[in-house]
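Step one of this worksheet: look at the structure below.
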Amino acid sequence: MDGTIAVVGLGYVGLPVAVALAERCGNTVGYDISAGRVAALRAGEDETREIGHARLTSCGLAVSDDPAALEGAETIIVTVPTPITEERRPDLTPLQKACETLGPKLRKGALVVFESTVFPGVTEDICGPWLAQASGLRQGRDFALGYSPERINPGDHVHRLETITKIIAADSDVALARMRALYGAIVDAGLHEAPSIRVAEAAKVIENTQRDLNIALMNEIALIFDRMDISTRDVLAEAGTKWNFLPFTPGLVG
Ligand SMILES: NC(=O)c1ccc[n+]([C@@H]2O[C@H](COP(=O)([O-])OP(=O)(O)OC[C@H]3O[C@@H](n4cnc5c(N)ncnc54)[C@H](O)[C@@H]3O)[C@@H](O)[C@H]2O)c1
């Protein structure tokens with residue numbers, strides 16, 4: 001693959017993507033605002049425990065907390081957090097800051113792919129204009145947008161970036177072809193091309209919602225069975241013998 005690839009935000013999601021790209025495509029830089037995180041990664045230590053010392057030190061990934069590292073990248077993948085505010089509204093501040101940092105470094109012809117979990121419309125209606133404003137470039141003409149939701153589950157070493165079907169979506173066929181080449185190189189399980197960025201964003205939101213609602217339901221059920229002095233575990237083992245009973249158990253949501 002020609003040109004530099006940059007990954008913005010090296011946490012649970014960003015680091016595995018950056019390492020896989022460095023290994024399979026080369027020429028990859030990882031940028032994070034946390035100097036501490038960058039220093040630890042340079043020393044081969046990943047506190048999220050997603051990437052072991054040997055892989056981290058041999059993958060060829062360059063990491064930096066200096067935005068200059070983003071200069072002239074051909075493809076940029078944004079994997080910063082998307083928390084909620086105290087009022088439980090989406091907090092897009094990290095995304096805005098990432099766009100403001102990236103914008104001045106953006107070159108004509110760049111493809112910016114967001115992987116952060118967002119509500120439908122954020123990539124094209126909010127982040128695109130932020131990038132255009134910060135770069136002086138035109139969205140959809142001078143730079144392209146893509147979205148590819150991340151489906152990893154921290155600590156799960158079976159369902160990994162390489163082994164989970166990855167959704168890709170872009171604002172043009174040309175940009176989608178670039179994403180196909182990029183993600184095709186690192187995802188062995190195959191890609192699924194969504195008809196639009198909005199559809200891909202919405203799909204991720206309902207994946208999370210379905211999981212969270214089902215865990216929350218099991219939590220409520222466990223409270224009820226507890227009062228009835230019935231073992232929830234026993235009940236789930238019985239119910240789970242039906243072909244379409246979903247295997248959710250009580251636990252933490254989110
Ligand atoms: N962790 C998961 O299980 C998971 C799974 C799927 C999707 N996601 C989504 O992926 C996104 C990232 O989540 P995560 O778990 O990797 O978060 P994280 O907190 O583990 O990592 C985010 C990293 O981004 C860095 N960062 C913050 N603002 C930045 C900026 N402006 N510029 C550069 N770096 C910046 C932080 O220092 C941190 O290292 C979120 O939208 C999350 O919802 C997470």
Side-chain angles (χ1 to χ4, degrees), residues 5-20 28-42 45-51 56 61-71 73 76-85 88-106 112-120 122-123 126-127 130-131 134 146-168 183 187 197 200-212 215 251-254:
I5 305 165
V7 178
V8 178
L10 300 172
Y12 282 97
V13 167
L15 185 65
V17 173
V19 167
T28 304
V29 298
Y31 165 75
D32 199 291
I33 40 163
S34 164
R37 174 77 172 146
V38 167
L41 293 175
R42 279 190 180 147
E45 302 306 328
D46 168 26
E47 65 173 15
T48 66
R49 299 189 182 188
E50 293 298 309
I51 308 291
L56 193 51
L61 175 70
V63 291
S64 178
D65 58 355
D66 182 352
L70 302 171
E71 196 85 55
I76 303 99
I77 298 178
V78 181
T79 52
V80 298
T82 43
I84 51 170
T85 64
R88 295 173 182 259
R89 310 280 305 163
D91 180 359
L92 300 180
T93 313
L95 274 176
Q96 183 171 13
K97 290 200 170 137
C99 291
E100 286 169 359
T101 304
L102 178 57
K105 312 292 174 199
L106 209 57
V112 185
V113 179
F114 290 85
E115 288 209 14
S116 302
T117 304
V118 293
F119 57 85
V122 168
T123 301
I126 299 178
C127 292
W130 278 337
L131 285 171
Y147 184 73
S148 181
E150 187 48 69
R151 291 168 150 173
I152 58 150
N153 200 11
D156 184 337
H157 296 291
V158 176
H159 302 102
R160 297 172 290 111
L161 170 67
E162 292 84 357
T163 63
I164 308 169
T165 302
K166 195 148 175 56
I167 293 176
I168 57 170
Y183 285 103
V187 179
I197 288 178
E201 292 169 325
K204 173 63 185 173
V205 170
I206 70 157
E207 285 173 24
N208 282 13
T209 305
Q210 188 181 76
R211 174 177 173 275
D212 290 359
I215 295 172
L252 290 174
V253 174

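Quick caveat, the model's predicted, so the values are computed rather than measured. Atoms within a ligand are numbered from 1 in the order they appear, just like the ligands themselves.
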Okay, side chain of Asp65, backbone of Ser34: is any donor-acceptor separation there less than 3.5 Å?
no

Arg42: what forms a side-chain contact (heavy atoms from CB on, under 4.5 Å) with it, not counting sequence neighbours?
Val38, Val63, Ser64

Check: Thr79 side chain, Val8 main-chain N or O, donor-acceptor pair, under 3.5 Å:
yes

By side-chain contact (heavy atoms from CB on, under 4.5 Å) - contacts of Lys166 (at least two apart)
Glu115, Ser148, Glu150, Leu161, Tyr183, Val187, Leu191

With sequence neighbours left out, the residues meeting side-chain hydrogen bond (donor to acceptor under 3.5 Å, both in side chains) with Glu162 are Arg55, Arg160

Inspect the surroundings of CD in Gln210 and state if more than 12 heavy atoms from other residues, nucleotides or ligands are less than 6.0 Å away.
no

Residues around ligand 1, heavy atom under 4.0 Å from any ligand atom, sorted by chain and number. Can you pull those?
Val8, Gly9, Leu10, Gly11, Tyr12, Val13, Tyr31, Asp32, Ile33, Ser34, Thr79, Val80, Pro81, Thr82, Pro94, Lys97, Ala98, Ser116, Thr117, Glu150, Ile152, Pro154, Lys204

